[in-house]
Amino acid sequence: MEKSDIGLIGLAVMGENLALNIESKGYRVSLYNRLHPHTPQAVDRFLASVGEGKKFRPTYSLDQLVESLKRPRKILLMIQAGEPVDEMITALLPLLAQGDIIIDGGNSDYRDTRRRQKALSEKGIYLVGCGISGGEEGALHGPSIMPGGDETVSVEVLPLLQAIAAHLDDGTPCCSWIGPDGSGHLVKTVHNGIEYGDMQLIAESYSLLKIKLKNNHDEMARTFEAWNRGVLESYLIGITAPILRYREEDGGYLIDRIADRSRQKGTGKWCIEAALDSATPLGVTTQAVFARFLSAREQERTRAHRLYPDADPAPILALGVDDLHHALYASKIMAYAQGFDLLYQMSCLYDWHLNLSTLATIWRKGCIIQSRFLREIATVYRQTGHYEPLLFNPYFREKISLCLPSWRRVVSAALSAGIALPATTAALTAFDSWRCAKSPANLIQAQRDYFGAHLYERTDAPEGVLFHTDWSRREPADDSRPSSSIDSPHKD
Ligand code: 6PG
């Protein structure tokens with residue numbers, strides 16, 4: 001029997017849809033799903049339903065799967081991230097030969113991917129850490145794909161991955177080789193951190209439209225539809241209108257019946273960990289993750305609400321829908337500026353040479369954060385020969401300047417009304433901190449030196465020259481006490 005081009009392990013919805021997508025591009029696909037006692041064999045179920053009559057080859061053991069593949073074998077794992085990936089690699093390893101390629105298409109932690117790549121490369125096996133975004137629909141019709149690892153295998157896997165990816169109108173595939181080792185999964189992690197920020201910012205706009213502007217469902221939906229025709233055009237804004245309009249059979253709005261306890265699978269947290277590892281401020285994503293944590297503590301929030309029912313009953317500033325639009329847009333720009341800065345810092349940390357323009361381009365379609373806005377970011381980074389924070393660019397500088405008065409009005413109004421806008425506020429605070437030429441960190445340095453002799457640098461001495469002061473000798477008993485010059489450069 002003719003050997004298959006690729007094997008796919010894991011027939012949950014993402015795996016099924018990717019299998020259908022790959023097959024539809026003319027590839028022969030072998031399928032395997034772990035046998036679960038008491039449940040029907042997933043491969044048979046798939047082949048008897050959506051997979052019927054297509055070029056799939058069912059396999060019922062890893063030996064059969066591996067045996068059915070052309071060399072070098074390519075095996076795409078669409079299984080739960082974490083231990084299952086380690087277990088599957090361990091099970092596959094004795095069956096594989098030098099040069100074979102495992103593609104991990106799940107949301108794996110890039111640090112796990114690096115560890116696995118190192119272990120596998122010692123045996124001559126390649127592991128491609130492959131971020132895939134787009135949900136079920138994307139998997140079927142064209143996701144955004146972020147493969148990374150040893151570039152020698154890119155010729156083996158890129159043609160297939162680019163064939164199944166989303167394509168821009170000019171034909172550019174939303175899939176490109178990201179870089180070495182765990183870069184593909186790190187880039188997907190940052191994508192998800194940005195996704196968390198986008199979702200939280202949109203939720204905060206919804207909160208203001210509902211609570212402050214007292215809009216009904218239809219009005220809110222119309223606002224999001226209008227926003228989706230302008231600079232905010234994106235997949236996430238686009239799905240918000242139908243979500244707000246959706247009614248159950250009895251006529252009630254589903255959104256009002258969905259519990260306000262948000263869950264998460266971990267990529268947002270890893271994104272913040274990457275920010276911590278690379279000393280990169282990432283306030284918007286961090287607040288978005290924390291907001292999800294807090295949302296899950298419903299009982300505590302309910303009790304706190306009873307204890308503090310009204311933060312400030314005073315009348316608050318008037319806001320219009322345009323103010324909310326501008327605040328959302330400016331916050332989004334800030335969130336992406338932080339996200340792309342994190343990509344750059346991580347790229348420096350690991351020497352990955354990530355191409356930020358390419359990343360923005362492959363996120364323009366197929367993925368959850370796809371938007372019109374990413375086209376502007378791709379253009380900025382294509383035109384700028386070297387890395388600069390996004391807000392240095394004249395295009396975004398102009399946008400921020402236009403939005404700034406509304407941005408401040410929205411945050412001020414919400415703060416005085418006691419409406420929590422953690423991500424919008426974090427974005428504005430991040431912006432003000434970033435553009436602050438004189439920060440109050442001089443006092444922090446003084447305090448560190450005061451209590452722990454941690455040394456400080458001076459404005460009147462070159463950077464890197466460290467000083468220590470014996471602060472106790474400076475505390476005047478009274479104003480008449482003479483002061484002596486006791487600052488001295490620190491000598492190691
Ligand atoms: C994507 C998504 C996807 C992610 C879900 C849920 O790009 O297709 O990021 O990979 O798993 O969005 O993530 P949380 O459960 O953490 O919200």
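Each ligand, and each atom within it, is numbered from 1 in the order the structure gives. The structure presented is a predicted model; accordingly, all values stated were derived computationally and were not measured.
Comment: Asp109 does not engage Lys188 in a salt bridge, judged by the lack of any side-chain N to carboxylate O separation of less than 4.0 angstrom. In this structure, Asp86 pairs ionically with Arg116, as a charged nitrogen and a carboxylate oxygen lie closer than 4.0 Å. Ion pairing between a basic and an acidic side chain is recognised when a charged N comes within 4.0 Å of a carboxylate O; Arg229 and Glu225 show no such pairing.
Because its NZ or CZ atom is not both nearer than 6.0 Å to the ring centre of Phe56 and within 45° of the ring axis, Arg28 does not count as a cation-pi partner of that residue.
Environment of OH in Tyr206: crowded, with over 12 heavy atoms of neighbouring residues, nucleotides or ligands closer than 6.0 Å.
Contact residues of ligand 1 (protein heavy atom closer than 4.0 angstrom to a ligand atom; sorted by chain and number): Asn107, Ser133, Gly134, Gly135, Lys188, His191, Asn192, Glu195, Tyr196, Gln264, Lys265, Arg292, Ile368.
From Ser24, atom OG reaches atom NZ of Lys55 across 9.0 Å, with rounding to the nearest 0.5 Å.
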